[in-house]
Amino acid sequence: MADGSQGSGGDFTVDTDKLKPAVAKLRTLATQLKSAGRELDDVCQSYGQPWGDDSTGKKFYDKYEGPHSQMITAAYRSSATLEDSAGQMGDMVTSFEKVEETAGDEGRRLRVSADDPHGNQGASPGAAS
């Protein structure tokens, strides 16, 4: 569709060609964020419990575990939100393209010329539609 602006007649246009790469970028970002969260979690778990079992280690763990879990959860949830947004944007692009295609088909089917103002499409003048 056109340029994403609003014309003087209140028309709304969407440039689907520019939205498609944005959808792809959102999906890529979602994948990267999910991968980063998974990698961070895997690396942290690979160290086991390096803080030890003494009281200092327990104090560290008590301060560390909450924010660590929140960060991992946030990465996964953010990734899911981005993926969902990309899916919805992709659906929107498809819908806009179908509307445009349908409108073009209808426009071609219902060509009206100065000689055929009522769309009789070749019927003789004065003939009933």
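Hydrogens, waters and symmetry mates play no part in the numbers below; they use all other heavy atoms, side chains included. Source: prediction; values computed, not measured.
Taking the six-membered ring where the residue is Trp, Y64 and F60 present parallel rings, their angle staying beneath 30° rather than reaching 60°.
Using a 4.0 Å cut-off between charged side-chain N and carboxylate O, K34 and E39 make no salt bridge. The residues K58 and D54 are annotated as not salt-bridged, no charged nitrogen and carboxylate oxygen being separated by less than 4.0 angstrom.
Residues G37 and I72 approach most closely at O-CD1, 3.7 Å, considering heavy atoms. Heavy atoms only, all atoms of each residue included: S79 and A30 are closest at OG-O, 2.7 Å. Contact record, A86 with L26: CB-CB, 3.8 Å, taken as the closest heavy-atom pair.
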**Request:** Apply side chain to side chain contact (heavy atoms under 4.5 Å, CB included) to H68 and D41, showing your working.
**Result:** CA-CA 9 Å; H68 171 77; D41 195 28; 3.7 Å; yes
**Item:** L19 and M92: CA distance, side-chain angles, deciding distance, side chain to side chain contact (heavy atoms under 4.5 Å, CB included) verdict
**Value:** CA-CA 9 Å; L19 279 176; M92 182 179 67; 3.9 Å; yes
**Message:** Show, in sequence, the C-alpha distance, side-chain angles and deciding distance for E83 and Q88, and conclude whether the side chain to side chain contact (heavy atoms under 4.5 Å, CB included) test is met.
**Reply:** CA-CA 9 Å; E83 185 61 42; Q88 290 180 29; over 6 Å; no
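By the 6.0 Å contact criterion, CG on D53 is open, its count of non-hydrogen atoms from other residues, nucleotides or ligands being 12 or less.
Criterion: ILVMFWY side-chain heavy atoms under 4.5 Å apart, direct or through other members. Under it, M71 and Y76 are part of a common hydrophobic cluster.
Donor-acceptor pairing under 3.5 Å is recorded for the side chains of S69 and E65.
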